[in-house]
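For the numbers below, each heavy atom of this structure counts, side chains included, while hydrogens, waters and symmetry mates do not. For clarity, every value in this text was computed on a predicted model and none was experimentally measured. Note that ligands are numbered from 1 as they come in the structure, with each ligand's atoms numbered from 1 the same way.
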Amino acid sequence: MNYKEIGKQLDIAALEKEAVAQISLSKSITVEEAYTIQYENIQRRVDRGEEIIGIKMGFTSKAKMEQMGVHDMIWGRLTDDMYYKNGDRLDISKFIHPRAEPELCFLVSKTIDRAIGIEEVGDFIEAVAPAIEIIDSRYMNFKFSLEDVIADNCSSSAFVVGNWESLNRDIKNLEVELLFDGETMQKGNTIDILGDPYASIVAASRLTHQYGFDIIEGSYIMAGAATPASYIKKGIHLQASVMGLGQVELNVP
Ligand code: OOG
Ligand code: MG
């Protein structure tokens, strides 16, 4: 199988905002092969000058797995081109059929180059912030298998991070909300992220290590959404709030 060629097709789908058919409809690929395609896909961005600044976890909550019909955790790469500052404008015409989800983002204080235990999280993570992820599947109708979505870098397309708070607090039972124009679209709780968002960091360390990738000091880890995602549209003010951590927002003019 030509992993480079499939990675290229997915990258071009994102660049040209033209959805493509799911890979799994014509070929059977393994999870390992899907990660190789993801690597080739993102390598094209790196070759264009983008920098990898973090990773994202996906399907770390039941709500997300059920919405998308998949059954396992996934991880993808985040680049500087996907990063937005709190309050930025998001140009929706850059995407195919974008959805937003409320998340937590972690800041890595020490490079994670092995599978760590939950009791070690404080040694590797210095801060947490409320965040929003914009996902935009490059597949038609936002439909995919687990392998398809891994190859497509887990639908990553943009993310915005709010104010950092030091990690010396309990983040296990915080209400999370996604709002459009001040109206609640999704509501959840951080406990729905694997029972404890720290478990997402543990899973991130295990999975990235398995695929030979380190999570570098200073980079971000998006924990995965506690709620389903909502389609966004032109003209809205997008906001996420996490109890005790504050709010983060984007304008979608
Ligand atoms: C895949 C990405 C999943 C999450 O937070 O669970 C994800 C998708 O739903 O398109 O980002
Ligand atoms: Mg997400």
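Near Met68, the atoms of ligand 1 lying under 4.0 angstrom from a non-hydrogen atom of the residue are 9 (O). Ligand 1 places these atoms under 4.0 Å from at least one heavy atom of Gly58: 3 (C), 4 (C), 6 (O), 7 (C). Of all atoms in ligand 1, numbered sequentially from 1 with element shown, those under 4.0 Å from a heavy atom of Phe142 are 10 (O). Atoms of ligand 1 found under 4.0 Å from any heavy atom of Glu133, numbered from 1 in the order shown, are 11 (O). Remark: ligand 1 atoms within the under-4.0 Å shell around heavy atoms of Ile135 are 8 (C), 9 (O), 10 (O), 11 (O). Per-residue contacts place Glu103 under 4.0 angstrom from the following atoms of ligand 1 (heavy atoms of the residue considered): 5 (O). Every atom of ligand 1 is numbered from 1 in the order shown, and the set under 4.0 Å from a heavy atom of Gly224 is 5 (O).
Using modelled atom types and a 3.5 Å distance limit, the side chains of Glu126 and Ser109 yield no donor-acceptor pair. No hydrogens or angles considered: nothing links the side chains of Asp113 and Thr111 as a donor-acceptor pair under 3.5 Å. Side-chain polar atoms of Glu177 and Thr184 form a donor-acceptor pair below 3.5 angstrom. For the residue pair Asn41 / Asp152, no side-chain donor-acceptor distance below 3.5 Å is found, with atom types taken as modelled. Remark: the Thr79 side chain and the Asp81 side chain contain no N/O donor-acceptor pair separated by less than 3.5 Å.
Contact between Asp148 and Tyr139 at its shortest, heavy atoms only, is O-OH, 2.6 Å.
When non-hydrogen atoms are compared, ligand 1 lies under 4.0 Å from neither the backbone nor the side chain of Arg99. Contacts between Met222 and ligand 1, counted as non-hydrogen atom pairs separated by less than 4.0 Å, are absent for every part of the residue. The backbone of Cys154, and not its side chain, has at least one atom closer than 4.0 Å to an atom of ligand 1 (non-hydrogen atoms only; backbone = N, CA, C, O). If you look at Gln67 next to ligand 1, there are no close heavy atoms at all, none under 4.0 Å.
When the N, O or S atoms of Glu133 are ranked by distance to the Mg ion (ligand 2), OE1 comes first. Its N, O or S atom nearest to the Mg ion (ligand 2) is what matters here, and for Glu103 that atom is OE2. Of all N, O or S atoms in Glu101, the one lying closest to the Mg ion (ligand 2) is OE2.
Summary of contacts: the protein heavy atom closest to atom 9 (O) of ligand 1 is Lys64 NZ, 2.8 Å. From the protein, the heavy atom lying nearest to atom 10 (O) of ligand 1 is Ser155 OG, 2.7 Å. The protein non-hydrogen atom at the shortest distance from atom 4 (C) of ligand 1 is Glu101 OE2, 3.2 Å. Phe59 N, 2.8 Å is the protein heavy atom nearest to atom 6 (O) of ligand 1.
Annotation: side chain of Leu167 is in contact with side chain of Val121 (closest heavy-atom distance under 4.5 Å).
Here's the thing with Val149: none of its N/O atoms is less than 3.5 angstrom from an N/O atom of ligand 1.
Not a single heavy atom of Met65 sits under 4.0 Å from any atom of ligand 1.
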Next on the checklist: Using the rule given for side-chain contact (heavy atoms from CB on, under 4.5 Å), can you reason through Phe59 versus Cys154, listing the C-alpha separation, both sets of side-chain angles and the distance that settles it, and then say yes or no?
Outcome noted: CA-CA 10 Å; Phe59 305 134; Cys154 309; over 6 Å; no
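Salt-bridge annotation for Glu133 and Lys56: present, with a side-chain N of the basic residue lying under 4.0 Å from a carboxylate O of the acidic one. Residues Glu40 and Arg44 are not paired through a salt bridge, judged by the lack of any N-O separation under 4.0 Å between the basic side chain and the carboxylate. No salt bridge links Arg77 with Glu50; every basic N to acidic carboxylate O contact stays at or beyond 4.0 Å.
The distance from atom CG of Asp192 to atom NZ of Lys187, rounded to the nearest 0.5 Å, is 13.0 Å.
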